[in-house]
Amino acid sequence: MPVTLPYAAIWVLDFEFIARDGEHPVVVCLVANDLVSGQWVRVWQGDFSEPPFPLDGNTLLVGYSAAAEWSCFIALGWPMPARCIDLYAEFTRITNGAFDGKLFPSLLAAAAHYGINTMAADEKGAMRDLILSGGPWSASEQQDILHYCAADVRVTADLFRAMLPQLVQSTSTLGGALLRGRYTCAVARMEWNGIPIDVPTLNRLRNGWDDIKRDLVDDIDRQYGVYEGTTFVAARFAAYIEREGIPWPRLPTGTLALDDDTFRERAKSYPAIAPLRELRHALGKMRLNSLAVGQDGRNRTGVMPFGSKTGRNQPSNARFVFGTSRWLRSLIQPAPGRALAYVDWVSQEIAIAAALSCDEVLWEAYTSGDPYMAFAKQAGLVPPEATKASHKAERQRAKAIVLGVGYGMSADSMAVQAGLHIDEARDLLVRHKLTYRKFWAWAMQNQNAGLLGFILQTTFGWTWQAGLGTNVNPRSLLNWPMQANGAEMMRLACCELTEQGISVCCPVHDALLVEGPADDIDGVVAATRIAMERASELVLGKGYIVKTDVDLVTWPNRYADEAGVEMWDRVLARLDVRGW
DNA sequence: TCTATATCACCC
DNA sequence: AAACGGGTGATATAGA
């Protein structure tokens, strides 16, 4: 049953603004059009005061990639709209799976999809350049920019009209759209906040990294001679293994396999390889130049909501500090008097699978606090009194199976991955299927439905139609409900927390980084955990609480990732030696 | 010289 | 033929 839109006004809006890496946006102008009254507003920078339209629940605001509009709201000191729809989110949801990554769903692409006339892409590019030049703009340039902005509003309005039947198809599609719109407001707030960075140390790393690289190569490459400058040369390495008589695996294409796994495996038989492996790992990836840090020392970059087909955010790994190697997270440091908390859902995907499949046995395993050991017990692999300490190896094997199952891993891969005999891996997988029958029935039902062309859907209506006849990966269909519902849970928690005024720095898929005064961080953490638990119950059902874990960082400490501290200390020590 | 593809490393 | 989900991005190599 289609729904009627209950709004007194429907304002379609578009801001032009200047966004520099790591900085807050600078507003250039706003154009908006109310589809109910037909009224237009045009505001040039400097002429802004109060919002030119009401922002209460009787007014619907519509944008494309709307988080950018709300960022401009924040810059102008305006409150968030009570009701909004982001047509980018709706267009990607409705066409999810149709383009298979071959088309970026820009406003122009979405318009073209519905047969709406637009300006040419190169004309748009020229106007963007004029805006990003930063002004000052002549009177006629101002008119051009406002005209261009209005053209985008017209296209967005046409798109809204074209998409309307799909938006109001049911209470679920409209409710879902409003919920996703609400999340774009949370995104704007998080992007505005950003993540506090230790800028002096960042600069030391940026300045000193080339020297460190050279030192490391000079130290170690002497015995190999495979580097030219600081770059590893495959041909030289080929000569080295030839010289030393070390047999080396090749890829199907015939080139040497140079991945870390191969190095690790070869180093077992040929220990002379180990230092080279270490060196390659250390030099590996340190991308710091693109890290987007503003003048105020905060890492700010687009969250890119709904960027993946599961509805997850997809921020740039180069610009976002949580996209870099984990050891670089030690650049995260609260300012004096401030504290940070990294709060993550514990084994979120297992909990989602258990709850949504109504598998009581799997839920019991989850709530035990150690789903891996619980599986080992439920499957009769260890006695009921077994512990992490008493049956370490069995627990490890059980863990490999439990985690692999969520991705649709085969027994063969599990055997390789966990170092099991293939027969044992097969046996464990069968035991998993027998122990968690409801989970498997649910998972296979999702997979088959998807393969048959049915639409998969999360609790609050994010969808994916994998498409008939295309080469869909069945394992992707199997994992999708867990990942997509996890993303939805994250969105709900972000909405609730940002609306409460909690300072959320960023989401990290199954975790949130929140910030507060050092003397009240416990209160912030408590609110965060409550919101995250509530979000899990909203998505999974009453009583299904996904537990959370907290890492606290108070000034003058820095964030430390367990897996990265050693590397961090090593690099910092070398910076000291080199006098950086 | 530019672009497409393959490979690898990293994140959750 | 492959057999581990969702991604970004750097780099090397091949081909137009």
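Atoms considered below: every heavy atom in the structure, side chains included; atoms not considered: hydrogens, waters and symmetry mates. Here is how names work: the chains are called A, B, and so on, in the same order as the sequence lines, proteins then strands, and each is numbered from 1.
Here, B:dC8 and C:dA2 have their P atoms 15 Å apart, quoted to the whole Å. Nucleotides C:dA3 and B:dT7, compared at atom P, are 12 Å apart to the nearest Å. Only the P atoms considered, B:dT5 is 25 Å distant from C:dC4, to the nearest whole Å.
For the OP1/OP2 pair of B:dC12 and a distance below 4.0 Å, the side-chain nitrogens and oxygens of A:Arg326 include at least one atom meeting the criterion. In terms of phosphate contacts, A:Asn473 brings a side-chain nitrogen or oxygen within less than 4.0 Å of OP1 or OP2 of C:dG5. Distances shorter than 4.0 Å separate some side-chain N or O of A:Ser410 from OP1 or OP2 on C:dC4. Put simply, A:Ser476 has a side-chain N or O that comes within less than 4.0 Å of OP1 or OP2 on C:dG6. Neither OP1 nor OP2 of B:dT7 sits under 4.0 Å from any side-chain N or O of A:Arg250. Residue A:Ser413 places at least one side-chain N or O under 4.0 Å from the OP1 or OP2 atom of C:dC4. Residue A:Thr310 places none of its side-chain N or O atoms closer than 4.0 Å to OP1 or OP2 of C:dG5.
Per the geometry, CD belonging to A:Gln314 stands 12 Å off C1' belonging to C:dG9, to the nearest Å. Going from atom CE of A:Met414 over to atom P of C:dG5 covers 12 Å, rounded to whole Å. In this structure, A:Asp260 places its CG atom 6 Å from P of B:dA9, rounding to the nearest Å. As a whole-Å value, the separation of A:Asp549 CG from B:dC12 P is 14 Å. Between A:Tyr559 atom OH and B:dC11 atom C1' the separation is 12 Å, expressed in whole Å. B:dA9 atom P lies 8 Å from atom CG of A:Leu258, rounded to whole Å. Residue A:Trp480 contributes atom CH2, which lies 12 Å from atom P of C:dG7 at whole-angstrom precision. Across the protein-nucleic acid pair, A:Asp561 atom CG and B:dC11 atom P stand 8 Å apart, rounded to whole Å.
Stacking of A:Arg329 on the aromatic ring of A:Phe322 is not recorded, the 6.0 Å distance cut-off and the 45° axial limit not both being met. In this structure, A:Lys547 satisfies the cation-pi test against A:Tyr366, with its NZ or CZ atom closer than 6.0 Å to the six-membered ring centre and inside 45 degrees of the ring normal.
Remark: the A:Gln417 side chain and the C:dC4 base include a donor-acceptor N/O pair separated by less than 3.5 Å. Counting distance only, with no hydrogens placed and no angle test, the side-chain atoms of A:Arg312 and the base atoms of B:dC12 include a donor-acceptor pair under 3.5 Å.
Ranking B:dA9, C:dG7, C:dG5 by closeness to the A:Asp259 side chain, first place goes to B:dA9. Checking B:dA9, B:dC12, B:dC10 against the side-chain heavy atoms of A:Ser325 singles out B:dC10 as nearest. Distances from the side chain of A:Tyr407 to the nucleotides B:dC10, C:dC4, C:dA10 place C:dC4 closest. Of the candidate nucleotides C:dT8, C:dC4, B:dC12, C:dC4 has the atom nearest to the side chain of A:Met409. When the nucleotides C:dG6, B:dA9, B:dC10 are ranked by their closest atom to the side chain of A:Arg280, B:dA9 comes out on top.
The 12-atom threshold is exceeded at CZ of A:Arg431, counting heavy atoms of other residues, nucleotides or ligands nearer than 6.0 Å.
When each of A:Ala411 and A:Pro315 is assigned the nucleotide of DNA chain C with its nearest heavy atom, A:Ala411 is the one assigned upstream, toward the 5' end.
The residue A:Gly404 sits apart from the nucleic acid: no heavy atom pair falls under 4.0 Å. When heavy atoms are screened at a 4.0 angstrom cut-off, A:Arg329 is found touching the sugar-phosphate backbone but no base atom. Within the 4.0 angstrom heavy-atom criterion, only backbone atoms of the sugar-phosphate kind lie near A:Thr324; the bases stay farther away. Within the 4.0 angstrom heavy-atom criterion, only backbone atoms of the sugar-phosphate kind lie near A:Ala257; the bases stay farther away.
Partner of A:Arg397 under the side-chain contact (heavy atoms from CB on, under 4.5 Å) criterion, out of A:Lys399, A:Glu394, A:Arg395: A:Glu394 alone.
Side-chain atoms of A:Ser330 and A:Arg558 include no donor-acceptor pair closer than 3.5 Å.
Taking the side chain as every heavy atom from C-beta outward, A:Ile195 and A:Phe320 approach each other to under 4.5 Å.
For A:Arg214 and A:Asp218, the salt-bridge test fails: no basic side-chain N is under 4.0 Å from an acidic carboxylate O.
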